[in-house]
Chemist: 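Let me give you the structure first, and then I'll get to my questions.
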There are 2 protein chains.
Amino acid sequence: MKNPDTFDRAEPGPRKANKRHVLRVALAQFDKDGIDATTIEGIRDLAETSIGSMYHHFGSKDGLLAALYFIALDDQLALIEPQIVSASDPRGAIAGLIGSYLEWVVQQPKLARFMFQARSYVAAGPHKDALAERNQRRYGTLLKRLREGVKDGVIRQMPSELYASLLVGQSENYCRAWLSSRVQGKPTDYTSIFVEAAWRSISK
Amino acid sequence: MKNPDTFDRAEPGPRKANKRHVLRVALAQFDKDGIDATTIEGIRDLAETSIGSMYHHFGSKDGLLAALYFIALDDQLALIEPQIVSASDPRGAIAGLIGSYLEWVVQQPKLARFMFQARSYVAAGPHKDALAERNQRRYGTLLKRLREGVKDGVIRQMPSELYASLLVGQSENYCRAWLSSRVQGKPTDYTSIFVEAAWRSISK
DNA sequence: AAAGTATACAGAATTATCTTCTAGAAGATT
DNA sequence: AATCTTCTAGAAGATAATTCTGTATACTTT
C-alpha cells in the first residue's frame with residue numbers, strides 16, 4: 001500500500017489490527033480480480049483469519065465493500081477539502097479541487113480504482129444517505145465560492161446542479177481511463193489543462 | 001421499453017423471441033434491483049422460461065451482462081456515429097457527438113444506467129477487445145476531424161489521449177448523476193452548455 | 001483481583017446462487 | 001423422411017455467501 005496510514009487512521013487501535021489487515025487484503029484482491037470474482041473465502045484464506053471474524057466486522061460482502069468505500073472517500077476528502085477552504089478566490093478553489101483530486105488518484109490508484117468499481121454497489125445498498133452527505137460536504141463550500149464569482153461577473157450564471165459536472169467531469173473521466181490503462185499519461189501530468197478547461201467551462 | 005426495436009434489431013427473427021424476452025426482463029431487473037442483487041433464477045422465473053434455455057443463449061451470468069452491454073453500446077453508436085461523419089467542421093462534429101449522446105441517454109435511460117453499472121464487469125471479462133474496437137470506432141473519425149482543427153489553428157495541440165475526456169467527460173458525468181436522480185434537469189436541457197464547454201476546453 | 005460485559009475470533013452447518021449435464025422437442029436442411 | 005442444428009427443460013452438482021453456536025480476549029466495574 002502506498003500510504004499505509006489510510007487504514008490506520010480509519011480503524012485505529014491495536015484491537016482493530018485484524019480488521020485493518022482484512023481491509024488491506026480485500027482491497028488488493030478486489031483490485032487484482034475485480035469485485036465480483038473475489039470471494040469472501042478467498043480473502044479469508046489470504047488474510048489467514050476466520051469467517052466468523054470477518055462477518056463480525058463487516059456483516060456481509062456488501063458491508064465490506066461499503067466499509068472500504070467510505071474509507072476511500074474519507075481519505076480523498078481529507079486531501080481535497082482543505083484546498084477548497086483555504087483558497088482565496090473562485091479560480092483558486094477550482095484549481096485546488098482539481099489539483100488535489102488528481103493528486104489523490106495518482107497517490108492511491110488502488111483505492112481510486114476500487115471506488116469507481118464499487119460505487120454502484122454502495123449506491124444501491126442502504127448507504128445512500130451517508131453518500132449524499134459526503135457529496136454535500138464536497139461541493140457545499142465550493143458552491144458558495146462559485147456564487148461569489150457569479151456576483152462578481154466572472155462566472156456564468158447557470159443551474160447549480162451543473163457546476164460539479166462541468167468542473168470535475170473531465171478529470172474524473174480521464175482518471176477512469178488512466179486507472180484502466182486506456183491512456184498512458186498520469187492525470188497529474190495534465191493538471192493545468194484540466195484546471196484551465198474547467199475554468200473556461202464556467203467562466204464568462 | 002421506450003424503444004421496443006432495440007432488441008428486435010439486435011436479435012432478429014421469430015426463433016429469438018424468447019432470447020429477446022429474457023433480455024428485456026433481465027434489463028428491467030438489473031435496473032430495478034441492481035446487477036448484483038438480480039439472480040438468474042429471478043430472471044428465469046419472471047421470464048417464464050427454463051435455466052437450460054438461458055444458459056443455452058448466454059452461457060453464464062457474465063455472458064448475459066456482456067450481451068446486454070453490447071446491445072446497448074451498438075444502439076448508442078448507431079445514433080452517434082452518423083452525426084460525427086456527416087458534420088462539416090470540427091465544431092459541428094463535437095456538437096453532433098455530444099448532442100446525440102445526450103439524446104440517447106434520455107431516450108434509453110435503462111440501457112444507459114445499465115451500461116454505467118455493467119462496464120466494470122464487462123471490461124474485466126473476456127470482451128476487452130470487442131470493447132476497445134467499439135471505442136476506436138467511436139473516436140477514430142472524431143480524432144481526424146480534430147486534427148484538421150489543429151492545423152487550421154482553431155483547436156489547441158495536446159496529447160490526443162486527452163481529447164475524449166475533455167469532450168465528453170462533463171456530459172457523461174452529468175448523465176450519471178441524472179440517471180441516479182442526483183440532479184433534476186434532463187441532460188438534453190443543457191445540450192448547448194455542454195457543447196459550449198467542450199468547445200472552449202479544446203479551442204485556442 | 002474477581003465478576004461482569006462487550007468485543008473479537010473460530011469454524012461447522014445452512015442457505016442461496018450459479019453452472020453443468022443429459023434428454024428431448026422444434027425447426028431447418030438435404 | 002432422415003439428419004442436423006438450435007432451442008427448451010429441469011434435476012443434479014459445484015461454488016459462494018451467510019447464519020449460528022461456542023470460545024477467547026480485552027475492557028469495566030465493584
Side-chain angles (χ1 to χ4, degrees), chain A residues 7-8 10-30 32-69 71 117-118 120-122 124-127, chain B residues 7-8 10-27 29-30 32-69 117-118 120-122 124-127:
Chain A
F7 295 101
D8 297 329
E11 299 288 348
R15 295 196 71 187
K16 296 289 173 68
N18 184 49
K19 188 174 185 179
R20 289 195 298 274
H21 182 233
V22 170
L23 284 164
R24 279 188 244 264
V25 170
L27 177 62
Q29 287 307 104
F30 289 141
K32 188 163 85 71
D33 298 336
I35 290 173
D36 210 51
T38 299
T39 68
I40 296 286
E41 167 60 20
I43 296 168
R44 186 211 60 75
D45 187 39
L46 271 162
E48 293 182 304
T49 183
S50 69
I51 298 189
S53 192
M54 295 197 43
Y55 275 83
H56 167 72
H57 287 303
F58 305 108
S60 66
K61 191 176 178 179
D62 267 9
L64 173 56
L65 291 176
L68 250 182
Y69 187 87
I71 287 172
Q117 280 190 17
S120 61
Y121 286 82
V122 178
H127 298 93
Chain B
F7 294 102
D8 297 330
E11 299 287 349
R15 296 196 69 187
K16 297 288 174 66
N18 183 49
K19 189 174 185 180
R20 288 194 298 274
H21 182 233
V22 170
L23 284 165
R24 280 188 243 263
V25 170
L27 177 61
Q29 286 307 103
F30 290 141
K32 188 164 85 70
D33 298 336
I35 290 174
D36 210 50
T38 299
T39 70
I40 296 286
E41 168 60 18
I43 296 169
R44 187 211 60 75
D45 187 39
L46 271 162
E48 294 184 303
T49 183
S50 68
I51 299 186
S53 193
M54 298 198 38
Y55 275 83
H56 168 69
H57 287 304
F58 306 109
S60 66
K61 189 176 179 180
D62 269 8
L64 172 57
L65 291 176
L68 249 183
Y69 187 87
Q117 279 191 17
S120 61
Y121 286 81
V122 178
H127 297 93

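Below, read A as the first sequence line, B as the second, and so on, with proteins coming before strands; counting in each chain starts at 1. Atom set for the values below is all heavy atoms of this structure, side chains included, hydrogens, waters and symmetry mates excluded.
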Chemist: Examine C:dC9: is either OP1 or OP2 under 4.0 Å from a nitrogen or oxygen in the side chain of A:Asn18? Give yes or no.
Modeler: yes

Chemist: Answer yes or no: is there a side-chain heavy-atom contact under 4.5 Å between A:Phe7 and A:Leu68?
Modeler: yes

Chemist: How close do B:Asp62 and B:Tyr121 get, heavy atom to heavy atom, and via which atoms?
Modeler: OD1-CD2, 4.4 Å

Chemist: Round to a whole Å and report the spacing from CD of A:Glu48 to P of C:dC9.
Modeler: 14 Å

Chemist: Does any residue of residues 50-58 of chain B have a heavy atom under 4.0 Å from DNA chain D, and if so, which ones, in number order?
Modeler: B:Ser50, B:Ile51, B:Gly52, B:Ser53, B:His56, B:His57

Chemist: Below the 4.0 Å mark, does C:dA10 have OP1 or OP2 next to a side-chain nitrogen or oxygen of A:Thr49?
Modeler: yes

Chemist: Looking at B:Ala66 and B:Val122, what are the two nearest heavy atoms and their distance?
Modeler: CA-CG2, 4.2 Å

Chemist: Show your working on salt bridge (charged side-chain N to carboxylate O under 4.0 Å, His left out) between A:Lys61 and A:Asp36 and close with a plain yes or no.
Modeler: CA-CA 10 Å; A:Lys61 191 176 178 179; A:Asp36 210 51; 5.2 Å; no

Chemist: Can you tell me how far C1' of C:dT19 sits from CZ of B:Arg44, to the nearest Å?
Modeler: 15 Å

Chemist: Between A:Arg20 (side chain) and A:Gly13 (backbone), is there a donor-acceptor pair under 3.5 Å?
Modeler: yes

Chemist: Are the side chains of A:Leu64 and A:Phe30 in contact, using a 4.5 Å heavy-atom criterion?
Modeler: yes

Chemist: Using a 4.5 Å cut-off on heavy atoms from C-beta on, say whether the side chain of B:Val22 contacts that of B:Phe58.
Modeler: yes

Chemist: Whole angstroms only, please: what is the CG-C1' distance between B:Asp45 and D:dA9?
Modeler: 15 Å

Chemist: Mark yes or no for whether B:Thr38, through its side chain, and B:Asp33, through its backbone, hold a donor-acceptor pair below 3.5 Å.
Modeler: no

Chemist: Just compare D:dA9, C:dT17, D:dA17 and give me whichever is closest to any side-chain atom of B:Thr39.
Modeler: C:dT17

Chemist: Could you tell me the separation between the CG atom of B:Leu65 and the P atom of C:dC18, rounded to a whole number of Å?
Modeler: 10 Å

Chemist: Between B:Ile40 (CD1) and D:dG10 (P), how many Å, whole number?
Modeler: 16 Å

Chemist: Quick test: give all pairs of protein nitrogen or oxygen and nucleotides 23-29 of chain D nitrogen or oxygen below 3.5 Å, distance rounded to 0.1 Å.
Modeler:
none

Chemist: Show the atom names and distances, to 0.1 Å, of all donor-acceptor pairs under 3.5 Å that link a side chain in residues 47-55 of chain B to residues at least two apart or in another chain.
Modeler:
from, atom 1, to, atom 2, distance (Å)
B:Thr49, OG1, B:Asn18, ND2, 3.4
B:Ser50, OG, B:Ser53, N, 3.1
B:Ser53, OG, B:Asn18, ND2, 3.1

Chemist: What is the distance, rounded to the nearest whole Å, between atom CD of A:Glu41 and atom C1' of C:dG11?
Modeler: 11 Å

Chemist: Rounded to whole angstroms, how far apart are NZ on A:Lys19 and C1' on C:dT7?
Modeler: 11 Å

